[in-house]
Enquirer: 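My structure is below; once you've seen it, I'll send some questions.
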Amino acid sequence: MRPANAAAVLTLAIAAVLLPAAGAAQDTRLPDIGSSAAGVLSPAQQEQYGAMMLSQLRNYGYTLDDPLLGGWLQAIGERLGASSDNPKQRFTFFLLRQRDINAFATLGGYIAVNAGLVLAADSEDEVAAVMSHEIAHVTQSHVLRAVERAQRDSIPILLAMLGAIAVAQSSGGNSSDDAMMAAVMSAQGLMAQRQIDYTRGNESEADRIGIRTLARAGYDPAAMAGFFAQLQSVVRSNLDGSREGTPDYLQTHPVTTTRISEARDRARQMAGEERPFVPSAVASDNPLLPASLRIAASAGAGGASGQFPWAHERMRVLSADTPAAAVREYDRIARAGKLDDAQRYGLALAHYLDGHAGEAAAELEPLLAAHPGDVWLALALAQAEARSGKTAAADARFDALSARMPNNRAVALTHAGMLAERNTPAAGKRAQALLRPLLGSATEDPVFQQTFARASEIAGDPVRAGEAYAEAAYLNGRPEQALVQLNILKKRDDVDYYARARIDARIAAITPTVLELRRQGIRDEDLDRR
């Protein structure tokens, strides 16, 4: 065998064995007593890993960072997390714009949900069911144990494979290539089997714990079995049995009839439990309650927030290739039957994003009249009015929303973004005033940082703008750019003592990350081209 070919095959073999093991999100549930899993990575390291992964997903454009959708998903996740077996665990929930049906959990409590999974769901309860399952993978240490098991298993399997390759090479002749590939495939098969074994144990536990979390949080515990059955029907409709026709979620979370039956049995046992307060899109009339809560008795079926129909259609629009493609998608839906109110909202949003704000406003006005006080509709109408030249009407609508829901992230960011489009110092200062109360809670929010940066820039506050732009770059996976921007900003004559202290602190925090990336040979391509 030619050396070049041997090296190539060996490299592929190592990657094939190591990468699936490291990427697996499941492992057998072991007793906590005497476990070394917690020693693999400290909680701080797990958090750093999750944050780095999220920043890189943002860097490559995979995430869907929308204030309304992000707030809806995080509210569901926080409600589930508070009802989980480890309510002290910090979770970060985020959306990916891919329309594949998938979701996954990784280190640090970071949980991703694909747009396709939300679009495949029929209710918020079903989305919550998948999220509760992924939360269980975190709280039961499945993810962390997978890292430990991968470190322990990959080396022995790799050594066995290398030994088989060495024997094959010593035999000489044309058969050596076949023997090498057989060794590689055997190692891959062994690792795959180990992952399947992990999956069976972990999936059963994640189902059991997840259903309990679902019920505790006030959602319908039967939703998990219902959604899994729906996904199983997708596989059955895949007539040729191809892997490409199987939802990504089922490739990593195999669903069987037995598993669905067990989930249904557990759900029946959980039925009838009392339900706690649940989030609401509509402000409560009770002055003793926070504006974002209402009593579960007034909630929709299964304790859902009532936002799912709007979230579903907003997801359809924002995950489409283009706004025009979303409009065409609604045209196809309309040919099959009359659009419901949520779909009409989606169509209006698509028209707005496609540059037809006046048409969007005309579609949204009767919808808001039919659903008075709905935040999703009111924000969309205010945006459409602003873009179509109805500035006074838009301002009045935004002001009413801000008064009713002060410091609400989606309202503040949307209002500030529209003010920034006016590009005047007065509008910039108004936008700054809307966003400042959220500064303390927005340190890891790239959408907020970008919006605050633009508002500060047009308000005539270049130092604050520079700090926020650098923070946005860092959160979007460009730490080297952030460091360059901060070092340039630090040289300005108008940087006061307090701003300089903030900048120095961020430089000190970001520098180790940049140095480590450089040590690994990773440089920012945009900076290298300058």
Enquirer: Measure the shortest side-chain to side-chain distance between Leu439 and Phe448 over non-hydrogen atoms and say whether it is less than 4.5 angstrom.
Expert: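 Yes. Closest side-chain heavy atoms under 4.5 Å.
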Enquirer: Is it true that the side chains of Glu124 and Tyr219 contain a donor and an acceptor less than 3.5 Å apart?
Expert: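 Side-chain D/A pair, Glu124 to Tyr219: present.
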Enquirer: Judged by atom type as modelled, is there a donor-acceptor pair below 3.5 Å linking the side chain of Thr414 to the main-chain atoms of Val411?
Expert: no
Enquirer: Parallel, tilted or perpendicular: which one describes the rings of His133 and His137, with boundaries at 30° and 60°?
Expert: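 Correct class here is perpendicular.
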Enquirer: For Phe228, does the six-membered ring have the charged nitrogen or CZ of Arg259 within the cation-pi criterion, i.e. under 6.0 angstrom from the centroid and within 45° of the normal?
Expert: yes
Enquirer: Could you give all pairs that pass the salt bridge (Lys or Arg N to Asp or Glu O under 4.0 Å) test and reach residues 101-121, with sequence neighbours left out?
Expert: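 Applying salt bridge (Lys or Arg N to Asp or Glu O under 4.0 Å) to every pair that reaches into residues 101-121, excluding sequence neighbours, yields nothing.
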Enquirer: Could you give the distance from OG1 (Thr106) to CE (Met53), rounded to the nearest 0.5 Å?
Expert: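 Rounded to the nearest 0.5 Å, the OG1-CE separation comes to 5.5 Å.
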Enquirer: Do Arg518 and Asp524 meet the salt-bridge criterion of a basic N to acidic O distance under 4.0 Å?
Expert: no
Enquirer: Please tell me if the side chains of Glu480 and Thr513 come closer than 4.5 Å, counting only heavy atoms from C-beta onward.
Expert: no
Enquirer: Can you find a heavy atom in the side chain of Asp399 that is under 4.5 Å from one in the side chain of His415?
Expert: yes
Enquirer: Are any of the side-chain heavy atoms of Asn102 and Gln98 separated by less than 4.5 Å?
Expert: no
Enquirer: Can we say Asp445 and Arg409 salt-bridge, meaning some charged N sits less than 4.0 Å from an Asp/Glu carboxylate O?
Expert: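 Yes.
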Enquirer: Does Arg502 pair with Asp496 as a salt bridge, N-O distance under 4.0 Å?
Expert: no
Enquirer: Consider only side-chain N and O atoms of Tyr62 and Gln56, and report whether a donor and an acceptor are under 3.5 Å apart.
Expert: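 Short answer, no.
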Enquirer: If we count only N and O atoms by modelled type, under 3.5 Å, do the side chains of Ser84 and Asn86 hold a donor and an acceptor together?
Expert: no
Enquirer: Will you find, in the side chains of Ser204 and Glu262, an N or O donor that is under 3.5 Å from an N or O acceptor?
Expert: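 Distance-only check fails for Ser204 and Glu262.
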Enquirer: Under 4.0 Å between a Lys/Arg side-chain N and an Asp/Glu carboxylate O for Glu444 and Arg90?
Expert: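 A salt bridge is present here (some side-chain N lies under 4.0 Å from a carboxylate O).
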Enquirer: Would you say the side chain of Gln383 lies within less than 4.5 Å of the side chain of Phe398, judging by non-hydrogen atoms?
Expert: yes
Enquirer: For Ala217 and Ser83, which heavy atoms make the closest approach, and how far apart are they?
Expert: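 For Ala217 versus Ser83, the nearest heavy atoms are CA-OG, 3.5 Å.
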Enquirer: Does atom CE (Met52) have a neighbourhood of more than 12 heavy atoms from anything else shown, all under 6.0 Å?
Expert: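 No, because the 6.0 Å sphere around CE of Met52 holds 12 heavy atoms or fewer from other groups.
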Enquirer: Is the shortest side-chain heavy-atom distance between Leu434 and Ser402 below 4.5 Å?
Expert: yes
Enquirer: What's the spacing between Ile111 CD1 and Phe104 CZ if we round to 0.5 Å?
Expert: 10.0 Å
Enquirer: Do Val118 and Val113 have side-chain heavy atoms sitting under 4.5 Å apart?
Expert: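 Yes. Closest side-chain heavy atoms under 4.5 Å.
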Enquirer: With distance as the sole criterion, is a donor-acceptor pair present between the side chains of Glu47 and Tyr110 under 3.5 Å?
Expert: yes
Enquirer: Residues in side-chain contact (heavy atoms from CB on, under 4.5 Å) with His312, at least two apart?
Expert: Leu119, Phe308, Arg316
Enquirer: Is the shortest heavy-atom distance from the side chain of Glu471 to the side chain of Phe452 under 4.5 Å?
Expert: no
Enquirer: Please name all residues satisfying side chain to side chain donor-acceptor pair (under 3.5 Å) with Tyr474, sequence neighbours left out, ordered by chain then number.
Expert: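 Side chain to side chain donor-acceptor pair (under 3.5 Å) check on Tyr474 returns nothing, list empty.
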Enquirer: Quick check for you: to the nearest 0.5 Å, what is the distance between Arg99 atom CZ and Met315 atom CE?
Expert: 10.0 Å
Enquirer: Please walk me through it: do Val130 and Leu117 pass side chain to side chain contact (heavy atoms under 4.5 Å, CB included)?
Expert: CA-CA 9 Å; Val130 174; Leu117 189 141; 3.7 Å; yes
